[in-house]
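Chain letters run A, B, ... following the sequence lines, proteins first and then strands; every chain starts at 1. Here the structure is a predicted model, which is why all the values come from computation and not from measurement.
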Number of protein chains: 2
Amino acid sequence: MQTLSKNAPMPVVRRLPKYHRNLKELLEEGITKISSKDLSERMGLTASQIRQDLNYFGGFGQQGYGYNIEDLIKVIEDILSINNKYNCIIIGAGNLGKAISNYILNLDGNAKVLAMFDVDAGKTNKIFNDINIYNMSELKDYLKKNEIDIAILAVPKSSGVEVAKDVINNGIKSIWNFSTADIAVGNDIVIENMAINESFYTLTYLISENKK
Amino acid sequence: MQTLSKNAPMPVVRRLPKYHRNLKELLEEGITKISSKDLSERMGLTASQIRQDLNYFGGFGQQGYGYNIEDLIKVIEDILSINNKYNCIIIGAGNLGKAISNYILNLDGNAKVLAMFDVDAGKTNKIFNDINIYNMSELKDYLKKNEIDIAILAVPKSSGVEVAKDVINNGIKSIWNFSTADIAVGNDIVIENMAINESFYTLTYLISENKK
DNA sequence: TTGAGTTTGTTTTATATTTAACAATATCAT
DNA sequence: ATGATATTGTTAAATATAAAACAAACTCAA
């Protein structure tokens, strides 16, 4: 059973977490196997799409039977590298940074926030979720002394680009960007944008379309 | 100059906010016109895509000249209905709810949070950003007495589905969902998901691919 | 053990999206 | 005013994604 990506399209990759979530729920309901047809009805997709999505990574099902849920969960976790350990820092210790810290705490323990940073002296030198909040001036030194996998940006738009440059210059290879800044990165850096702007304006568009 | 949608594809719609943001920045830089070629270089797209995207809604440029930035901004705002007034409530007054409240405050004033709700008595009967935080038990009555356009869900996954049902049953037609719950809605309801899970696991996937 | 019924993996077809090409038309320097 | 240059809107081609179709292979009840 190989799970080597044959260069799967991004739309497929972005569906995998949804499969994962639904399969976990099924397992909790005590169900041990499922066909692409049943899963498709539950998730509002076509069975064909599910089979084809999974087949970008390998053949994990069995004719006449379907997919073993427990196995498939493990396969997907493997593909997405969910079970690796990720050391994170959060830049920005406002409500957004704290909300993200909570989110990661509720994950299954594979990702961990090791430090938070802020420019605001009123927020620094405190502890949140057992995490130290440092001043931004300490960032460079911190990154030298600690191996950090992911820098999470929870800063205002105005400082987004600058902070991104900062962390990249100090060795960060992956950014989860919650700021509304447009951040351009080189080819060796991975960035994932939460795009709250795009989301809100898409909603307002859909609302106006819905009224027609 | 008409801006009636010829049923534009969603990928096009989701690019419009990005055009909008870049055009606003250009205007701030004192630039008044731009060609699809120059804009494409700035945004990392193809000029062809920009021209075709815009042409789903109308012909806003001029041969040999390009696009008038100020006009184009207005057109996009019109398409996305950015300048309509949106009355919002936020369900969940934790860090996430507060972060969203801040985000909306930083918008240009067209969206407004009129109330927040929480189940936690420790959070209710307080004021944040001049907004009252009510107990969830008051939600139904509040929605009866106030015209709310958008319900923003900033609740834990466990209560996401239930809260969504609640607001829909009380007349809400549009939901901006920040919870990690999978929410199924009828055809007359608009929902936009922030999909934080999908985003994080896509990031971990990209990180592992980046290392290959 | 058999065979009707299931369900996969994969191929084929259809649809959606992006890119390229280019005629039509405007600009702008002279 | 003119024409070389720029740039659009739009059509055509290419690519990417999704759906349908189906042979192969398994399950499971009798």
Trainee: For A:Gln62 and C:dT10, give me the distance from atom CD to atom C1', rounded to whole Å.
Mentor: 17 Å

Trainee: Does a nitrogen or oxygen in the side chain of B:Thr46 sit under 4.0 Å from OP1 or OP2 of C:dT19?
Mentor: yes

Trainee: Mind checking the CZ-CG spacing from B:Arg14 to B:Asp53? Nearest 0.5 Å is all I need.
Mentor: 14.0 Å

Trainee: Looking at CG of A:Leu26 and CD1 of A:Ile31, how far apart are the two atoms once the value is rounded to the nearest 0.5 Å?
Mentor: 5.0 Å

Trainee: Can you identify which nucleotide, out of C:dC22, C:dT17, D:dT7, has its nearest atom closest to the B:Ser35 side chain?
Mentor: D:dT7

Trainee: Return the value, rounded to whole Å, for the distance between atom CG of B:Asp53 and atom C1' of D:dG9.
Mentor: 13 Å

Trainee: Just wondering, are more than 12 heavy atoms of other shown residues or ligands nearer than 6.0 Å to NZ in B:Lys112?
Mentor: no

Trainee: Any Lys/Arg nitrogen of A:Glu147 or A:Lys85 sitting under 4.0 Å from an Asp/Glu carboxylate oxygen of the other?
Mentor: no

Trainee: Would you kindly give the NZ-to-C1' distance between A:Lys33 and C:dT8, to the nearest whole Å?
Mentor: 13 Å

Trainee: Just to be sure I understand the rule, does B:Ser48 reach a base, reach only the sugar-phosphate, or reach nothing, if contact means heavy atoms closer than 4.0 Å?
Mentor: base

Trainee: Taking atom C1' of D:dG9 as reference, at what distance in whole Å does atom OH of B:Tyr56 sit?
Mentor: 13 Å

Trainee: Rounding to a whole Å, what distance do you find between A:Glu41:CD and C:dT7:C1'?
Mentor: 13 Å

Trainee: Would you indicate which nucleotide in C:dT18, D:dA18, D:dG9 comes nearest to any side-chain atom of A:Pro11?
Mentor: D:dA18

Trainee: Compare the minimum distances between each of C:dT12, C:dG9, C:dC22 and the side chain of A:Gln52, then state the nucleotide with the smallest one.
Mentor: C:dT12

Trainee: Does CD belonging to A:Glu41 count more than 12 external heavy atoms closer than 6.0 Å?
Mentor: yes

Trainee: Would you kindly give the NZ-to-P distance between B:Lys37 and C:dA20, to the nearest whole Å?
Mentor: 14 Å

Trainee: Would you indicate which nucleotide in D:dA18, C:dA26, C:dT7 comes nearest to any side-chain atom of A:Gln49?
Mentor: D:dA18

Trainee: If I take atom CD1 in residue A:Ile34 and atom C1' in nucleotide C:dT6, what distance separates them, rounded to the nearest angstrom?
Mentor: 15 Å

Trainee: Is the distance from OP1 or OP2 of D:dG9 to the nearest side-chain N or O of B:Tyr65 less than 4.0 Å?
Mentor: no

Trainee: Nearest to the side chain of B:Arg15 - D:dA18, D:dT27, C:dT18?
Mentor: C:dT18

Trainee: When the distance from CZ of B:Arg51 to C1' of C:dC22 is rounded to whole Å, what number comes out?
Mentor: 10 Å

Trainee: More 5' along DNA chain D: A:Val12 or A:Gln63, using each one's nearest nucleotide?
Mentor: A:Val12

